[in-house]
Amino acid sequence: MVPSLIFSARCAVRSSRFCSRLIQGQRNFGQASSIEDIREDYCALKKLIAVTSSRQKMPADVFVNNELDLSDIKVYGFDYDFTLARYNSNVQQIIYDSCIDYLVREKKYPDELRSLVADWQFGVRGLHLDITNGLLMKIDCFRYIQENAVYRGRQRVPSEEVRDIYGGFHVADKDMNNFYGRSRTVRPRFRHLNDLFSLSEVALVVNLMEFFRLQRGIQTGSHAPYEGSHTYCDPSCIVADISDAIRQAHSRGVFHAQVMDDIGRFLNRSDDVRRTLERLVAAGKELVIITNSNFNFINKGMCYFVGEDWRKFFRVVVVDARKPLFHTQEWKPFREWGVEKDRPLFKRVDVLHPNSVYQEGNMQELLRMTGWKESEILYFGDDVYGDLADPSLNAGIRTGCIVPELEHEVAASNSEDFVRGVKHLTGLNQILERME
């Protein structure tokens, strides 16, 4: 199933049309002068809900929040992980297992952690992590902590304690990552878990915080640690150690090695990717990959779900790109990767040749050497900060965000109960508004 897309690096909300469907050509609800008229309107509303139908959204729909004329787009860019490559839940599990092994073996955490099972349904992408207190929470776009959505491990934190910890429910701007994924302070208090690799980190935070909480070794609120606790670890240390474990899973190649050894276990194979690339090239578009992964890793995957000839579709292939720095640092030059020699070619890069592979570099050099214009590029990725924010806000490049979670949201919004409930609420609001 093709994941849903949201153009631009902002969240898009598709406006409901139920209101107009309910009343167009029908009764004007709410123009009532008595209780009996209101009751009659309400009965008519229930009848309309029973007989009217609504268009079903499709999981492969494209959701837009800005005007875009695709005839203006001449270049299509793609990230690799979770964009061209669609991983299944086994990937999250091997990252989780690798991190648990690291924490026990290198950080000397209790061996009992190995028996903890990750619950992939407990957390979602987009949560914020308080790196000082180890709390997971939902924070809205106005920087307000959502009540009843703050957790220490699996235990919900009472509103009184949340108010005690933060002095209220509003989060200061200086404590948050900004839209570029950076903070005004050296060490922001909250970290946004926004990419699809973050699900492993959420599972680790939940399990470790719950483990030490049950061991009576987690300090809560402003109170001292429990008396007589025999296993104690400060939440900030837990979060820091988990971050170290996540980094080693990627930097030491643990994740890459396991995926490459059994690629069919971790990647969802589909002919849709090759067909899409063929259609774009046939339409005269130029394509580019910009990924932080290394060449051998993406080559293994692209050969698996596109074919051995995958490089013929791309005008430029950039690996080890160091995003988001690729979009902001103009001094880093390109280096050509020798595919046959399996190492960098130590020579100056002044031209980006087709069918070649390049490392590092930066966006300004890419534009200069290809002659591409920012407004003619549409780039797809899954990470708001790493892939989308800087090219969109700084360079005017059009962006599309891969949001596979929308498949579940679309299915829920298409359900009979949800549709009936929205129609009901919309109709009631009309009645109330017209009574005023």
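Everything numeric here is computed off the predicted structure, so don't read it as measured data. Here, residue 1 is the first one in the sequence, and each next residue gets the next number.
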Chemist: Can you list everything that forms a side-chain contact (heavy atoms from CB on, under 4.5 Å) with D69? Sequence neighbours excluded, please.
Modeler: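 Listed in chain order: S71, D72.
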Chemist: Given side chain to side chain contact (heavy atoms under 4.5 Å, CB included), test V150 with I145 step by step and report yes or no.
Modeler: CA-CA 8 Å; V150 181; I145 299 170; 3.4 Å; yes
Chemist: Judged by atom type as modelled, is there a donor-acceptor pair below 3.5 Å linking the side chain of S198 to the main-chain atoms of D195?
Modeler: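 Yes, because the side chain of S198 sits within donor-acceptor range (under 3.5 Å) of the backbone of D195.
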Chemist: I'd like to know if E360 and R322 make a salt bridge, using a cut-off of under 4.0 Å between side-chain N and carboxylate O.
Modeler: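 Between R322 and E360 there is no salt bridge, as every charged N stays at least 4.0 Å from the carboxylate O atoms.
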Chemist: Treating Q248 as the side-chain partner and A245 as the backbone partner, does any N or O pair qualify as donor plus acceptor under 3.5 Å?
Modeler: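 At least one qualifying donor-acceptor pair exists.
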Chemist: Can you see which heavy atom on R86 is nearest to which on T83, and at what distance?
Modeler: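 Heavy atoms only, the tightest pair is CG-O, 4.3 Å.
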Chemist: Distance-only, no hydrogens or angles: does the K285 side chain make a donor-acceptor pair with backbone N or O of I73 under 3.5 Å?
Modeler: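 Yes, K285 side chain to I73 backbone: donor-acceptor pair under 3.5 Å.
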Chemist: Restricting to non-hydrogen atoms, name the atom on L199 and the atom on W120 that form the minimum distance, rounded to 0.1 Å.
Modeler: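 For L199 and W120, the tightest heavy-atom pair comes out as O-CZ3, 3.5 Å.
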Chemist: Kindly give the heavy-atom pair with the smallest separation between P110 and F212, and that separation in Å.
Modeler: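 Residues P110 and F212, closest heavy atoms: CD-CZ, 4.4 Å.
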Chemist: Which is it for V259 and I94 under the side chain to side chain contact (heavy atoms under 4.5 Å, CB included) test, yes or no, and what are the steps along the way?
Modeler: CA-CA 9 Å; V259 171; I94 64 168; 4.0 Å; yes
Chemist: So, taking the atom named CG in N148 and the one named NZ in K138, what distance separates them when rounded to the nearest 0.5 Å?
Modeler: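 Rounded to the nearest 0.5 Å, the CG-NZ separation comes out at 11.0 Å.
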Chemist: Is the shortest side-chain heavy-atom distance between Y166 and M137 below 4.5 Å?
Modeler: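 Yes, close enough: below the 4.5 Å cut-off.
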Chemist: According to salt bridge (Lys or Arg N to Asp or Glu O under 4.0 Å), who are the partners of D111, at least two apart in sequence or on a separate chain?
Modeler: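 Salt bridge (Lys or Arg N to Asp or Glu O under 4.0 Å) check on D111 returns R114.
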Chemist: State, without any angle test, whether D101 and S98 hold a side-chain donor-acceptor pair at a distance under 3.5 Å.
Modeler: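 No, S98 and D101 have no side-chain donor paired with an acceptor closer than 3.5 Å.
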Chemist: Where does the angle between the aromatic ring planes of F78 and F314 fall among parallel (under 30°), tilted (30 to 60°) and perpendicular (over 60°)?
Modeler: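 Correct class here is perpendicular.
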Chemist: Are E160 and R163 close enough for a salt bridge, meaning some N to O gap below 4.0 Å?
Modeler: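 Looking at R163 together with E160, the answer is no, because their closest N to O distance does not fall below 4.0 Å.
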Chemist: Applying side-chain hydrogen bond (donor to acceptor under 3.5 Å, both in side chains), which residue pairs with at least one partner in residues 310-321 are found, sequence neighbours left out?
Modeler: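 Non-adjacent pairs meeting side-chain hydrogen bond (donor to acceptor under 3.5 Å, both in side chains): N299-W310, D309-K312, D320-Q359.
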Chemist: Tell me if a side-chain donor or acceptor on D130 pairs with a main-chain N or O of G134 at a distance below 3.5 Å.
Modeler: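 A pair under 3.5 Å: no.
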Chemist: Quick one: are L287 and L277 in side-chain contact, heavy atoms under 4.5 Å?
Modeler: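 Yes, side chains in contact.
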Chemist: Between the side chains of E201 and R191, is the shortest nitrogen-to-carboxylate-oxygen separation below 4.0 Å, so that they form an ion pair?
Modeler: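 A salt bridge links R191 with E201.
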Chemist: Answer yes or no: is there a donor N or O on one side and an acceptor on the other, between the side chain of N362 and the main chain of K332, under 3.5 Å?
Modeler: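 Checking the backbone N and O of K332 against the side chain of N362, a donor-acceptor pair under 3.5 Å is found.
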Chemist: Any Lys/Arg nitrogen of R398 or E376 sitting under 4.0 Å from an Asp/Glu carboxylate oxygen of the other?
Modeler: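 No.
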Chemist: I need the minimum non-hydrogen distance between M209 and N133, along with the two atoms involved.
Modeler: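 Minimum heavy-atom contact is CE-O, 3.5 Å.
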Chemist: Is it the case that the side chain of S200 and the backbone of Q92 share a donor-acceptor pair, with hydrogens and angles ignored and the cut-off at 3.5 Å?
Modeler: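 The answer is yes, because a donor-acceptor pair under 3.5 Å joins these two groups.
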Chemist: Does one side chain, of D81 or S293, offer a donor that lies under 3.5 Å from an acceptor on the other?
Modeler: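 Judged by distance alone, the side chains do pair up.
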Chemist: With side chains defined as the heavy atoms from C-beta onward, is the minimum distance between D119 and V206 less than 4.5 Å?
Modeler: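 Not touching, per the 4.5 Å side-chain cut-off.
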Chemist: How about F190 and L129: do any of their side-chain heavy atoms sit closer than 4.5 Å?
Modeler: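 No, side chains not in contact.
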Chemist: Going through the distances and angles, do L208 and V205 end up as a side chain to side chain contact (heavy atoms under 4.5 Å, CB included)?
Modeler: CA-CA 5 Å; L208 266 69; V205 171; over 6 Å; no
Chemist: Would F82 and F380 count as a close aromatic pair, with their ring centres under 6.0 Å?
Modeler: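 Aromatic pair excluded; centres sit 6.0 Å or further apart.
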Chemist: Does any N or O in the side chain of N88 come within less than 3.5 Å of the main-chain N or O of R265, such that one atom is a donor and the other an acceptor?
Modeler: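 Yes, because the side chain of N88 sits within donor-acceptor range (under 3.5 Å) of the backbone of R265.
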Chemist: With a 4.5 Å heavy-atom cut-off, do S375 and K74 have their side chains touching?
Modeler: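 Contact flag for S375/K74 side chains = no.
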Chemist: Any heavy-atom pair between the side chains of V319 and I290 that's under 4.5 Å?
Modeler: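 The answer is no; the side chains never approach within 4.5 Å.
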Chemist: Just wondering, more than 12 heavy atoms not from H408 lying within 6.0 Å of its NE2?
Modeler: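 12 or below, so no.
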Chemist: Would you say the ring centers of F142 and F169 fall short of 6.0 Å from each other?
Modeler: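 Ring centres of F169 and F142 not closer than 6.0 Å.
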Chemist: Checking L70 against Y76 for the side chain to side chain contact (heavy atoms under 4.5 Å, CB included) test, could you report, in this order, the C-alpha distance in whole Å, the side-chain angles of both residues, the deciding distance, and whether it holds?
Modeler: CA-CA 10 Å; L70 288 177; Y76 284 78; 3.8 Å; yes
Chemist: Could you work out, with ring-ring contact (aromatic ring centres under 6.0 Å, His included) as the rule, every residue matching F305, not counting sequence neighbours?
Modeler: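 Applying ring-ring contact (aromatic ring centres under 6.0 Å, His included) to F305 gives none.
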Chemist: Are K323 and D79 within salt-bridge range, i.e. N to O under 4.0 Å?
Modeler: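 Result for this pair is yes, salt bridge flagged.
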Chemist: Passes ring pair (Phe, Tyr, Trp, His ring centres under 6.0 Å), F122 versus Y151? Steps please.
Modeler: CA-CA 11 Å; F122 186 81; Y151 280 80; 5.5 Å; yes
Chemist: Side-chain contact test, heavy atoms from C-beta onward, threshold under 4.5 Å: evaluate it for N294 versus W337 and give yes or no.
Modeler: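 With C-beta onward as the side chain, the pair stays apart.
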Chemist: Check the pair R348, D350 against salt bridge (charged side-chain N to carboxylate O under 4.0 Å, His left out), reporting the backbone distance first and the verdict last.
Modeler: CA-CA 6 Å; R348 184 182 181 88; D350 294 311; 3.0 Å; yes
Chemist: Stepwise, does the side-chain hydrogen bond (donor to acceptor under 3.5 Å, both in side chains) test hold for D241 with Y109?
Modeler: CA-CA 10 Å; D241 289 342; Y109 274 68; 2.6 Å; yes
Chemist: How close do E336 and S356 get, heavy atom to heavy atom, and via which atoms?
Modeler: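 Taking every non-hydrogen atom into account, OE2-OG, 3.7 Å.
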Chemist: With ring pair (Phe, Tyr, Trp, His ring centres under 6.0 Å) as the criterion, how do Y80 and F295 come out once you've worked through the C-alpha distance, each side chain's angles and the decisive distance to 0.1 Å?
Modeler: CA-CA 11 Å; Y80 175 75; F295 174 75; over 10 Å; no
Chemist: Counting only heavy atoms not in R105, do more than 12 sit closer than 6.0 Å to its CZ atom?
Modeler: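 Result for CZ/R105: enclosed.
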Chemist: Honestly, is R335 close enough over Y358, meaning NZ or CZ under 6.0 Å from the six-membered ring centre and within 45° of the axis?
Modeler: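 So R335 doesn't make the cation-pi contact.
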Chemist: Given side-chain hydrogen bond (donor to acceptor under 3.5 Å, both in side chains), test Q258 with D262 step by step and report yes or no.
Modeler: CA-CA 7 Å; Q258 292 193 46; D262 191 3; over 6 Å; no
Chemist: Can you list everything that forms a side-chain contact (heavy atoms from CB on, under 4.5 Å) with D271? Sequence neighbours excluded, please.
Modeler: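 side-chain contact (heavy atoms from CB on, under 4.5 Å) list for D271, sorted by chain: R275.
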Chemist: Check L84 against V273 and note the closest heavy-atom contact, atom names and distance.
Modeler: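 The answer is O-CG2, 3.9 Å.
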Chemist: Just distance, no hydrogens or angles: give the donor-acceptor pairs under 3.5 Å from side chains in residues 363-374, sequence neighbours left out.
Modeler:
{"residue": "E365", "atom": "OE1", "partner": "R368", "partner atom": "NH2", "Å": "2.8"}
{"residue": "E365", "atom": "OE2", "partner": "R368", "partner atom": "NE", "Å": "3.0"}
{"residue": "T370", "atom": "OG1", "partner": "L366", "partner atom": "O", "Å": "2.6"}
{"residue": "T370", "atom": "OG1", "partner": "W372", "partner atom": "N", "Å": "3.4"}
{"residue": "W372", "atom": "NE1", "partner": "E286", "partner atom": "OE1", "Å": "2.7"}

Chemist: Donor-acceptor pair, S392 side chain versus A389 backbone, under 3.5 Å?
Modeler: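 The answer is no, because no donor-acceptor pair under 3.5 Å joins these two groups.
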Chemist: With Y96, which of V202, V91, N207, V117 fulfils side chain to side chain contact (heavy atoms under 4.5 Å, CB included)?
Modeler: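 Exactly one option meets the side chain to side chain contact (heavy atoms under 4.5 Å, CB included) with Y96, and it is N207.
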Chemist: Do I100 and L116 make a side-chain contact, defined as non-hydrogen atoms from C-beta onward lying under 4.5 Å apart?
Modeler: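 Side-chain contact under 4.5 Å: no.
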